[in-house]
Each structure stands twice: as structure tokens, then as C-alpha cells.
> 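The following block contains the structure, expressed as C-alpha cells.
In listed order, ligands and their atoms are each counted from 1. Keep in mind the model is a prediction, meaning the values are calculated, not measured.
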Amino acid sequence: MMQNRQKLFGVEIDAVRMNEAVDRIFRWIDQPQDQCQFVVTPNVDHTVLLRENEQLRNAYRDSGMVLADGHPVVLAARFLGKPLPERVPGSDLVPRVFSAADDRTPITTFLLGAANGIADTAAENIESKWENVYVTGTYSPPIGFENDTAECEKILALINRAQPDILIVGLGAPKQELWTHKFQDRINSRVALCVGATIDFLAGEKKRAPRWVQAIGMEWLHRIGTDPKRLFKRYAKDAWIFPQLVWSEWANPEESDAVTLTR
Ligand code: UDP
């Protein structure tokens, strides 16, 4: 299928609107592909991680869809003359997909990630809000699971017993993308959505910024406020590096894979 993609930050980002992304996900559910199709949603932090992590770039290349999660990514794309039609944040995409399920096309989902108990709360909330979405399993993996073969096998067995249409992977970046890529051939789900803290949002554990804050592109500031200790350092590094990435792409549009930056 023809996909309109923009080459940015060493990867390709799909130039699609939210409704087109939702349609494509339903097509994958309806017409199963050879492998589980996974979706990644780059924000500023991902663009910085992508620069230093080749495995993450490989995961991006093998993904089925790359959606611009953050406002700054969309603004930078416009500035660089490679426009993306709109933001398609992972944590908005998941509720939109759930809302598109109806009694002729119900969907099943499995929630992988978030702290103990939170995925179960999210599951209860999902089933009471969306009557055509069935949560067929949840699992919150222990810290360090990604380096534990037995634990990874256990997770695959849980997912594959449930055979969900959609696997929600909420393990934070880059863990969620690397894990899903590594096991893409073995995940028995039509689609996997790598969507960060979405399970926390669905559980009501973390709150999204108010709509107007999102609309003026300040959701990142709201997120720092909710977890300043952890996020301040991340965002400070991103705020320093991202403008350099944009500058370097602007100066060398053909060499976006090989950029030299000051730390
Ligand atoms: N998380 C997890 N296992 C891990 C690391 C993180 O389940 O080994 C979860 C964490 O509980 C949170 C989610 O990953 O629910 C994403 O966290 P983060 O805020 O980093 O998401 P992002 O900013 O990438 O959207």
C-alpha cells in the first residue's frame, strides 16, 4: 500500500491524520498481515533517543506505522518543509481505536505494562466505557524483565493464549519498541501499539493535560509538573538537543542519519 512518509530525524514518519491511522489499524485487524504490525509514536524524546540508539532506528524501520506524537515534532516537520498533517499521540490513538469498535467489529485487547494493579484498573475502565472492547488479558512485568528469557517467554505465552486483536505495550521508550521488535514474529496479535504511559492514563493513575494546554503545545510542561524528579532531566536534555537536531536537518537535509552534535 502507498504510504506517504516524511524522512525526518533518521527515520520515516507517516504523514497521516488520526482517522487515517485508526482506519489502517482496523484494516490490519480485518486483513491479518504475515506479522504483527506495530505502531510507534515519536515525540521529542524519541528523536533524541533515535540519534544514539541504532536498535531503536531498526525497530522504527520495521514498524507498520510511525505517528508524530508530539507538537514540537509536527512544528519541526513544517519548518523543515516536510509537513505532517497533524499530531497523532499514542494516548489519544488508543481511545479513538476503542471508540471505533462497534457491535459488528468488536475488538479484543491485551494490556502489557504499567505498575502492578494499574493495568487491571485500566481494564475495568475500558470495559465499562467501551462496550465493544474486551480486555482478554493484562500483565505488569517485573523490573528488568526484558533481560530475563523465562519472563519474556511467559509474557509471550500470556499474549498468545489471549490472541488479542490489539496489544497495548506501555513500557516506556525505548523498551517498548525494542521488546516488540525483538518478538514481532512471535507475538500472536494483529497489531501492537507502543504507547508509553497510556495504560496509566486509562487507569486514571496519571492525568493528561487539559485540552487547552494540549492545544497550545504545552503538554510537556504539564507532564514535568506531574513527575518533576524523573522528567526534568529528560526534558532538559531534549530541550538542548532537539533544536540542534532540527538545525542540523535544515543545514543537511540529505544527511539526517549522520549528524554531529554538541552534548
Ligand atoms: N514501565 C513498565 N515497565 C518498565 C518500565 C516502564 O511497565 O520496565 C511503564 C511505566 O509504569 C509507565 C510506562 O511504562 O506506565 C511508560 O512510562 P513513561 O512515562 O516513561 O512513558 P513515555 O514518556 O515514554 O510515554
Side-chain angles (χ1 to χ4, degrees), residues 9 11 38-53 55-56 59-60 63 66-73 87-95 109-123 125-126 135 137-152 154-156 158-159 167-183 192-209 213-214 218-239 241-242:
F9 309 114
V11 292
F38 68 95
V39 177
V40 296
T41 65
N43 56 22
V44 168
D45 193 48
H46 290 212
T47 65
V48 173
L49 293 171
L50 280 164
R51 180 178 67 106
E52 49 202 34
N53 191 331
Q55 282 182 305
L56 184 60
Y60 260 64
S63 69
V66 181
L67 301 172
D69 187 287
H71 204 60
V73 174
R87 254 188 103 187
V88 187
S91 38
D92 286 338
L93 176 69
V94 172
T109 186
F110 187 108
L111 311 181
L112 175 65
N116 229 341
I118 296 195
D120 290 330
T121 308
N125 292 349
I126 291 168
V135 182
T138 63
Y139 188 62
S140 304
I143 290 171
F145 75 95
E146 68 277 17
N147 301 315
D148 179 341
T149 312
E151 186 60 33
C152 289
K154 176 180 159 184
I155 296 171
L156 288 168
L158 286 171
I159 296 168
L167 172 67
I168 306 287
V169 192
L171 302 167
K175 200 179 293 187
Q176 57 199 10
E177 292 83 7
L178 299 183
W179 194 87
T180 308
H181 185 223
K182 182 170 176 189
F183 294 111
L193 305 178
C194 300
V195 286
T198 299
I199 300 173
D200 294 302
F201 294 131
L202 289 166
E205 185 64 19
K206 289 183 187 164
K207 295 264 173 282
R208 293 289 300 277
V213 176
Q214 294 183 34
M218 288 288 147
E219 190 166 17
W220 58 275
L221 193 59
H222 177 268
R223 275 210 79 187
I224 293 183
T226 61
D227 193 354
K229 261 226 231 46
R230 190 171 71 95
L231 294 179
F232 184 76
K233 217 171 124 205
R234 183 201 280 186
Y235 281 81
K237 181 181 174 197
D238 293 351
I241 300 206
F242 185 66

> Would the Y60 and F38 ring centres measure less than 6.0 Å apart?
no
> Among the heavy atoms of A197, does any lie under 4.0 Å from an atom of ligand 1?
yes
> Output the distance between atom CG (L171) and atom OG1 (T180), rounded to the nearest 0.5 Å.
7.0 Å
> Scan the side chains in residues 223-232 for donor-acceptor partners under 3.5 Å anywhere in the protein, sequence neighbours excluded, and list what turns up.
{"from": "T226", "atom 1": "OG1", "to": "R223", "atom 2": "O", "distance (Å)": "2.6"}
{"from": "D227", "atom 1": "OD2", "to": "R230", "atom 2": "NE", "distance (Å)": "2.9"}

> Just to check, does R223 reach to within less than 4.0 Å of ligand 1 when the distance is taken from its heavy atoms?
yes
> Just to confirm my output: which protein heavy-atom neighbour is closest to atom 18 (P) of ligand 1, and how far is it?
R230 NH2, 3.7 Å
> Please compare I143, L171, I199 and report which has the shortest non-hydrogen distance to atom 5 (C) of ligand 1.
L171
> State whether a side-chain donor-acceptor pair under 3.5 Å links S140 with N116.
no
> Going from CG on L112 to CD1 on I168, what distance comes out if it is rounded to the nearest 0.5 angstrom?
10.0 Å
> Going by an N to O cut-off under 4.0 Å, is there a salt bridge joining R87 and E219?
yes
> Tell me the contacting part of E146 for ligand 1: side chain, backbone, both, or neither, using a 4.0 Å heavy-atom threshold, strictly below.
neither
> From atom 4 (C) of ligand 1, work out which of K175, R234, E177, H46 has a heavy atom at the shortest distance.
K175
> In Å, rounded to the nearest 0.5 Å, how long is the span from CG of L178 to CG of N53?
5.5 Å
> At under 4.0 Å between heavy atoms, which part of A115 makes contact with ligand 1: side chain, backbone, both or neither?
backbone
> In plain terms, say whether K237 and D45 are close enough for a salt bridge, that is, a side-chain N and a carboxylate O under 4.0 Å apart.
no
> Got a second to check how far I159's CD1 is from F110's CZ, nearest 0.5 Å?
5.5 Å
> Can you tell me which residue and heavy atom of the protein come closest to atom 24 (O) of ligand 1, and the distance to 0.1 Å?
A173 N, 3.5 Å
> In the protein, which heavy atom is nearest to atom 15 (O) of ligand 1, and how far is it?
D200 OD2, 2.3 Å
> Between G170 and ligand 1, does any nitrogen or oxygen pair lie at a separation below 3.5 Å?
yes
> Name all residues meeting the salt bridge (charged side-chain N to carboxylate O under 4.0 Å, His left out) criterion together with E151; count only those two or more places apart in sequence or in a different chain, and write none if there are none.
none
> Quick check on contacts: which atoms of ligand 1 are under 4.0 angstrom from a heavy atom of K206?
19 (O)
> Which atoms of ligand 1 have any heavy atom of G113 under 4.0 Å away?
7 (O)
> Does ligand 1 have an atom that lies less than 4.0 angstrom from a heavy atom of P141?
no
> Looking only at protein heavy atoms, which one is nearest to atom 17 (O) of ligand 1, and how far off is it?
G172 CA, 4.1 Å
> What's the shortest distance from atom 11 (O) of ligand 1 to any protein heavy atom, and which residue and atom give it?
A114 CA, 3.4 Å
> Under 4.0 Å, counting heavy atoms only: does E205 come that close to any atom of ligand 1?
no
